[in-house]
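Fair warning: this is a prediction, and the values are worked out from it, not measured in the lab.
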Amino acid sequence: MKTAVFALVLMPLICGADAPILPTAEGTTWNYELSQERPSESLDLTEPNIEEHFAVSYRLGAKEKIDNKDLRRLEIYRGDMLDSIDLIAVEEHGIVCPARTDSKGAIAKLIPPQMMLRTPLKKGTHWNFDGTIGDTKVNQRYEVAGEEDVNVPAGKFHAWRIHCEQTLPAPATIDRWFVSGTGFVRVETRVKGPSGGVLQKSSLTLKEPPKVAAAPQRNPKPSPEKLAAGVSSEPAGEFKTDLKTNAPAIYTRWRGHGLTDRAKIRAVFIAENVADVSADYQIDEASTVAPSPDSNGTFTLAQPEGGWALGNYRVEFFVNDAPAQTVKFKISK
């Protein structure tokens with residue numbers, strides 16, 4: 001349901017490319033906040049509704065040829081992630097959308113091409129869409145309801161309100177507030193259940209005036225650590241950060257991730273703050289060669305005579321003599 005509702009909110013917005021009433025410079029970007037409210041899934045009917053908030057951006061991109069026709073790309077981002085692209089065209093009586101692509105580039109044809117905004121804008125202007133988007137049947141009735149003042153984070157506007165009644169793919173009402181020279185500044189969507197009650201409400205509000213901007217860049221995923229490690233008083237099982245003085249040995253286990261061929265793995269055991277021992281005293285050192293990029297192994301430090309001294313310790317790991325990981329632990333009674 002979330003995906004379907006999100007599409008319902010976005011669909012009415014993909015009409016902004018008509019030069020007289022909307023900015024058309026490549027890179028023009030509209031930044032919105034999408035708020036969604038839906039009932040709690042709890043059986044307790046007194047539970048408050050669940051509210052979610054997302055950043056949504058529309059960006060006018062370059063031209064793309066579909067069926068030998070030049071269309072403008074209207075890129076729709078959720079956060080920094082490309083959600084879909086509407087391919088739109090300016091025609092004599094308004095803006096139409098003949099096709100849409102998903103984030104992976106798969107094209108869905110709109111048959112017939114969907115009228116997204118009919119011009120000229122005046123009260124009583126109406127149009128319908130009875131067609132398919134890919135394999136999905138869509139039935140919508142649009143009408144320009146009149147002019148209204150509306151307040152959004154981007155400012156106060158005098159806008160045309162366009163009302164839509166949708167019966168397919170799910171019953172819904174959609175109200176959009178459009179400002180010539182700016183675009184859509186607000187969209188309110190209510191998805192209805194079989195009994196007519198509201199299942200979900202969505203609100204899309206313009207956060208700032210449109211501006212030319214580069215496409216959002218996804219934050220790169222952090223590279224996995226080349227070496228993961230931990231300590232324990234057992235040769236297998238969970239790692240620990242608190243060991244006991246009577247532990248027969250300290251097992252320092254490591255696992256590589258994409259190591260270079262025959263990488264050298266070195267571990268240095270250090271007493272950080274231990275009674276009767278100078279700070280950062282090196283207790284021992286051990287090394288080995290990883291036979292494969294994802295090798296794993298264990299370095300073992302046997303209990304000294306009289307047991308382990310109380311205090312804080314660490315093990316510093318190196319891969320080919322470059323620092324890779326530090327594991328800290330303490331020994332207590």
Side-chain angles (χ1 to χ4, degrees), residues 1-3 40-44 47 50 52-55 78-83 103-104 216-333:
M1 178 60 74
K2 277 188 181 180
T3 303
S40 169
E41 297 177 359
S42 171
L43 296 177
D44 184 355
E47 282 287 322
I50 296 172
E52 297 176 295
H53 299 271
F54 309 95
R78 189 164 181 164
D80 58 9
M81 183 180 298
L82 181 64
D83 184 84
S103 59
K104 298 180 180 178
Q217 298 295 315
R218 293 194 63 183
N219 294 324
K221 293 182 178 179
S223 300
E225 295 177 331
K226 289 292 184 181
L227 199 78
V231 300
S232 178
S233 57
E234 305 292 338
E238 295 183 354
F239 291 136
K240 299 179 181 179
T241 57
D242 190 350
L243 306 181
K244 302 303 179 184
T245 56
N246 60 355
I250 296 175
Y251 299 90
T252 304
R253 306 197 301 272
W254 58 270
R255 179 178 294 276
H257 301 283
L259 299 171
T260 58
D261 186 43
R262 296 189 62 77
K264 179 184 177 182
I265 311 299
R266 180 164 61 95
V268 180
F269 294 80
I270 296 172
E272 280 189 344
N273 184 13
V274 177
D276 299 326
V277 176
S278 59
D280 290 339
Y281 174 76
Q282 181 172 324
I283 302 171
D284 201 356
E285 180 176 322
S287 63
T288 188
V289 174
S292 67
D294 297 330
S295 296
N296 63 84
T298 302
F299 293 119
T300 304
L301 189 63
Q303 182 194 73
E305 185 176 349
W308 300 101
L310 302 177
N312 298 322
Y313 296 77
R314 72 176 185 268
V315 183
E316 295 183 352
F317 281 88
F318 300 81
V319 176
N320 293 329
D321 293 324
Q325 180 70 272
T326 297
V327 178
K328 294 191 174 188
F329 62 98
K330 69 178 180 178
I331 293 178
S332 59
K333 293 181 178 180

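When side chains are defined from C-beta on, K333 counts as touching L310, because their heavy atoms get closer than 4.5 Å. Residues I283 and I270 form no side-chain contact, since every pair of their non-hydrogen atoms from C-beta on lies 4.5 Å or further apart. Annotation: side chain of F239 is not in contact with side chain of V327 (no heavy-atom distance under 4.5 Å). For the pair R314 and D280, the minimum side-chain heavy-atom distance is below 4.5 Å.
K330 NZ to T241 OG1: the interatomic distance, rounded to the nearest 0.5 Å, is 7.5 Å. For the atom pair CZ (R262) and OG (S295), the distance works out to 9.5 Å, reported to the nearest 0.5 Å. Atoms OG1 and CD, from T245 and Q303 in turn, are 8.0 Å apart once rounded to the nearest 0.5 Å. To the nearest 0.5 angstrom, F299 atom CZ is 8.5 Å from T252 atom OG1. Rounded to the nearest 0.5 Å, atoms CG (N296) and CZ (R253) are 9.5 Å apart. Interatomic distance, L259 CG to I265 CD1, rounded to the nearest 0.5 Å: 5.0 Å.
Annotation: ring-ring contact (aromatic ring centres under 6.0 Å, His included) contacts involving residues 301-324, sequence neighbours excluded, comprise Y313-F329.
A salt bridge does not link D294 with R255: every distance from a Lys NZ or Arg NE/NH1/NH2 to an Asp or Glu carboxylate oxygen is 4.0 Å or more.
Atom NZ of K244 has more than 12 heavy atoms from other residues, nucleotides or ligands within 6.0 Å. Other residues, nucleotides and ligands contribute only 12 or fewer heavy atoms inside 6.0 Å of the CD atom of E238.
Screening L301, T298, V231 for a side chain to side chain contact (heavy atoms under 4.5 Å, CB included) with Y251, the sole residue that qualifies is T298.
In terms of the side-chain hydrogen bond (donor to acceptor under 3.5 Å, both in side chains) criterion, residue partners of S233 (sequence neighbours excluded) are, by chain and number, K240.
For the residue pair A249 and T300, the shortest heavy atom distance occurs at CB-CG2, 4.0 Å. When all heavy atoms of A324 and V319 are compared, the pair lying nearest together is CB-CG2, 3.6 Å. The heavy-atom pair separating Q325 from A228 by the smallest distance is NE2-CA, 4.1 Å.
In this structure, the side chain of N320 engages the main chain of K264 through a donor-acceptor pair within 3.5 Å. For the pair E272 (side chain) and N312 (backbone), a donor-acceptor distance under 3.5 Å is absent.
Side chains of S332 and D242: a donor on one and an acceptor on the other come within 3.5 Å.
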